[in-house]
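Just below is one structure, and these are the notes that go with it.
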Amino acid sequence: MQVSSEEEILKVLAREWEITGPPGIIDISDLAVLVPLAPSDTMATLKELFAVGMVDMNELKSSVFLTPEGYAHIKKKTDAAPDN
């Protein structure tokens with residue numbers, strides 16, 4: 001099963017949330033390195049996630065973090081996924 005670009009980003013942000021605590025802030029350039037997407041696809045996906053309230057950004061648009069809704073969404077999705 002192929003993982004969507006949204007899921008890829010949300011998983012990385014959720015992992016950061018769990019390691020450093022909410023809201024799991026990460027620099028966008030670091031995020032682009034951690035996800036298997038082109039930087040332009042990463043930015044396009046972040047814009048989509050921002051539009052639906054799953055992520056938020058700092059004022060400079062240089063860092064991104066999960067909203068509580070985004071965290072709940074990805075945890076529900078990953079907890080429901082069958083283990084391989």
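The chain is numbered in sequence order, starting from 1.
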Rounding to 0.5 Å, atoms CG (Leu66) and CG (Leu13) come to a distance of 4.5 Å
With a distance cut-off below 6.0 Å to the six-membered ring centre and an angular limit of 45° from the axis, does Lys61 pair with Phe50 as a cation-pi contact?
-> yes
Of all heavy-atom pairs linking Glu8 and Val35, the shortest is O-CG1, 3.9 Å
Candidate pair Asn58 and Ile25, rule side chain to side chain contact (heavy atoms under 4.5 Å, CB included), full reasoning
CA-CA 9 Å; Asn58 66 345; Ile25 299 169; over 6 Å; no
- Message: Using the rule given for side chain to side chain contact (heavy atoms under 4.5 Å, CB included), can you reason through Asp56 versus Val64, listing the C-alpha separation, both sets of side-chain angles and the distance that settles it, and then say yes or no?
- Response: CA-CA 6 Å; Asp56 204 350; Val64 64; over 6 Å; no
dist Glu69:CD -> Met54:CE (nearest 0.5 Å) comes out at 8.0 Å
Distance col, row Leu60:CG vs Ile28:CD1, nearest 0.5 angstrom, shows 10.0 Å
Any donor-acceptor N/O pair, Thr67 side chain to Gly53 backbone, under 3.5 Å: yes
The reported gap from CD in Glu48 to OG in Ser4 (rounded to nearest 0.5 angstrom) is 9.5 Å
### Query
Can Lys75 and Glu18 be said to form a side chain to side chain contact (heavy atoms under 4.5 Å, CB included), step by step?
CA-CA 11 Å; Lys75 289 307 290 179; Glu18 292 164 357; 3.1 Å; yes
| message | Between Phe65 and Val52, is there shared hydrophobic-cluster membership here, with clusters defined by ILVMFWY side-chain heavy atoms closer than 4.5 Å? | response | no
CD1 of Ile9 to CG of Leu46, rounded to nearest 0.5 Å, is 4.5 Å
* **Stepwise side chain to side chain contact (heavy atoms under 4.5 Å, CB included) check, Lys11 with Thr78** => CA-CA 8 Å; Lys11 282 181 180 181; Thr78 55; 3.8 Å; yes
Between Pro68 and Trp17 the two heavy atoms that sit nearest each other are CA-CH2, 4.0 Å
CZ of Arg15 to CD1 of Ile74, rounded to nearest 0.5 Å, is 11.0 Å
Does one side chain, of Thr45 or Asp41, offer a donor that lies under 3.5 Å from an acceptor on the other? no
